[in-house]
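Beneath this line is the structure, given in structure tokens, with notes to follow.
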Amino acid sequence: MNDPLTVIDRLRRTTDSIVGEADLRDRLAAGRPLRIKYGVDLTAPDLHLGHAVNLWMMRQLQDLGHQVVFLLGDLTTRVGDPTGRSDTRPVLTPAAIAANASSFLDQVSLVLRTDPSVFEVRRNSEWYDGMPIADLLGLLGQVTQAQLMSRDMFRARVEAGREIAVHELIYPVLQGYDSFAMRSDLTIVGSDQLFNEQLGRHFQQRLGMPPQVVITTTITPGLDGRAKQSKSLNNYIGLTDSPRDKFGKLMSIPDHLVEPYARVYTELPLDTVAALASSADTGGPAARDAKLRLAAAVVTRYHGAGAARSELQSFQQTFTHRTQPTDIPTVVLDHPVTTVLDLLAAIRPTETRSQLRRLITQGAVTINNTRITDPTTPVDPVELTVRSGPRTWHRIHPSADGTGVPTNG
RNA sequence: GGCGGGUUGCCCGAGUGGCCAAAGGGAGCAGACUGUAAAUCUGUCGGCUUAUGCCUACGCAGGUUCGAACCCUGCACCCGCCA
């Protein structure tokens, strides 16, 4: 189980490349717990299934006794990572950085174990805040301008005639030095971070430490089939999404994503993955069933088998059999309502009234299975089952003291 | 340093004084179809107590006008060309 080849083999499933594979084998064989660098920029985190791929790999290693060092880049966030940016990035306030750090921890703990024996939290301000200028210059003396400019992104900016602020140029240096300061053995990152982490290897070697191993992971496409999941494209499944949302989003992916998603986002045996892929190819109900398996597997991983079973059931009730789901949330009205529009506004407070009005006039709303298309239709808020849109159900209860019941004309 | 062009709604993009909450496309949302797939069709797509109504909006600030996204002035940012 703890055999290096077996461990690496398991990681291989979601690995794109390994820098220093022989080192990794040796260090695993040595039996000492490895220090795994998980460095993050403290911008507002919204971790999705793609990020979780890396986290699960770390989790596997934690289960074998290795240590994840969660490195909060509080100092470097003030600098601003130029990765993927064609423009200079704005800086964050300390308060925002603190809030992001705590949100990060919450999300990360959905996958990683956080007991101190396998999890350690550090901040890079620990070593940068007190660093004398002389030391910083010494550090900068270890890197050449040509090394930094070999970064395609920097070159592209120069060619486009855009500016590169000097602090941005230095960012990779700081991120690299982090690896030395925290004695990283291994880091598991997206391929976009390869450059910075290789600089980490460089510093470790220069400073007399064995270089960290760098594993880059497989990038999976977004829900819409585009290159990757991202918040700005709104094509991702968030770690904090409800089981319902995770299940639903997986059911709506394009057929050709069944294979990569099953391979990378689940631990289903690879022959099962292959079977699902061919079902997805077949189309029709077989494709649907393959997605059901995929969705159930993912929901199980994050929320347990019980949640997966009930989501599966709920899905089939709602979409396959077109009946009401059994687990409709109950809403108790705390103020009187007289029209359908008021009722919807009460149960979906985040939508604008204009949007709700549209839902009604476009036929998306039913009350007790009767379609209502006039927003001004009066309602009796007794026991009602309201559906607004394809997947939004509410069961209405009037408030206990009766204020939910209007004078019924 | 000189000259020219640009900045429009979530994104792209048309619009050069009233008919503009602003063409068209994309995304989104809803309906039909269906496997919560793809494709297709239809509608919708700033907000507001339900509106032949009001408010907000066309980079920012001010001005001209009965009336400005459209004209003028200043500012900011972007993009070309020349040196």
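Source: prediction; values computed, not measured. Numbers restart at 1 for each chain; the letters A, B, ... are given by sequence-line order, proteins then strands.
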Out of curiosity, [X] [atom1] to [Y] [atom2], how far, rounded to the nearest 0.5 Å?
| X | Y | atom1 | atom2 | result |
| --- | --- | --- | --- | --- |
| A:Q313 | A:D327 | CD | CG | 8.0 Å |
| A:L312 | A:M251 | CG | CE | 8.5 Å |
| A:T339 | A:I372 | OG1 | CD1 | 11.0 Å |

Seminar exercise, completed: Residues A:P325 and A:S314: closest non-hydrogen pair is CB-OG, 3.9 Å

For this session: Locate the shortest heavy-atom distance separating A:Q212 from A:L186; write the atom from each residue and the value.
Result: CB-N, 4.1 Å

For this session: For A:T339 and for A:F315, locate the closest nucleotide of RNA chain B by heavy-atom distance; then report the residue assigned to the nucleotide nearer the 5' terminus.
Result: A:F315

Problem set entry | Earlier contact from the 5' end, RNA chain B, for A:S354 and A:T282 | A:T282

On a whole-Å scale, what distance lies between the [atom1] atoms belonging to [N] and [M]?
| N | M | atom1 | answer |
| --- | --- | --- | --- |
| B:rC70 | B:rC54 | C1' | 24 Å |
| B:rC77 | B:rC71 | C1' | 23 Å |
| B:rU40 | B:rU34 | C1' | 12 Å |
| B:rC10 | B:rA57 | P | 13 Å |
| B:rC45 | B:rG31 | C1' | 15 Å |
| B:rA51 | B:rA21 | C1' | 15 Å |
| B:rA14 | B:rG4 | P | 22 Å |
| B:rC12 | B:rA27 | P | 15 Å |

Answer with base, sugar-phosphate or nothing: what part of the nucleic acid does [X] contact at a heavy-atom distance below 4.0 Å?
| X | answer |
| --- | --- |
| A:G248 | base |
| A:K291 | base |
| A:R371 | sugar-phosphate |
| A:P390 | sugar-phosphate |
| A:T376 | base |
| A:L341 | nothing |

Seminar exercise, completed: The single option from A:F315, A:Y302, A:F319 that satisfies ring-ring contact (aromatic ring centres under 6.0 Å, His included) with A:F247 is A:F315

Rounded interatomic separation in angstrom, taking [atom1] from [X] and [atom2] from [N]:
| X | N | atom1 | atom2 | answer |
| --- | --- | --- | --- | --- |
| A:Y236 | B:rA27 | OH | P | 20 Å |
| A:I253 | B:rA38 | CD1 | C1' | 13 Å |
| A:I360 | B:rG43 | CD1 | C1' | 16 Å |
| A:D374 | B:rU50 | CG | P | 14 Å |
| A:D281 | B:rA37 | CG | P | 18 Å |
| A:Q313 | B:rU36 | CD | P | 16 Å |
| A:L344 | B:rU50 | CG | C1' | 14 Å |
| A:L312 | B:rU36 | CG | P | 12 Å |

Where the side chain of [X] is concerned, which of [options] is the nearest nucleotide?
| X | options | result |
| --- | --- | --- |
| A:R391 | B:rG47, B:rC29, B:rC48 | B:rC29 |
| A:P254 | B:rG43, B:rC29, B:rA37 | B:rA37 |
| A:F319 | B:rA30, B:rU36, B:rG47 | B:rU36 |
| A:A364 | B:rG43, B:rA51, B:rG31 | B:rG31 |

Base-pairing assignment for [N] (Watson-Crick or G-U wobble, both under 3.5 Å):
| N | value |
| --- | --- |
| B:rU36 | none |
| B:rG80 | B:rC3 |
| B:rG74 | B:rC60 |
| B:rA68 | none |
| B:rA30 | B:rU42 |

Exercise. Can you find a donor-acceptor N/O pair under 3.5 angstrom joining the side chain of A:Q362 to the base of B:rG43?
Worked result: yes

Exercise. Per the atom types in the model, does the base of B:rG35 pair as donor or acceptor with the side chain of A:D255 at under 3.5 Å?
Worked result: yes

If only side-chain N and O atoms of [X] are considered, is one of them under 4.0 Å from the OP1 or OP2 phosphate oxygen of [N]?
| X | N | result |
| --- | --- | --- |
| A:R357 | B:rA30 | no |
| A:S252 | B:rA37 | no |
| A:R358 | B:rG47 | yes |
| A:R353 | B:rU50 | no |

Problem set entry | Check: A:F203 ring centre within less than 6.0 Å of A:F180 ring centre | no

For this session: Give a yes-or-no answer on whether the side chains of A:D46 and A:Y236 include a donor-acceptor pair shorter than 3.5 Å.
Result: yes

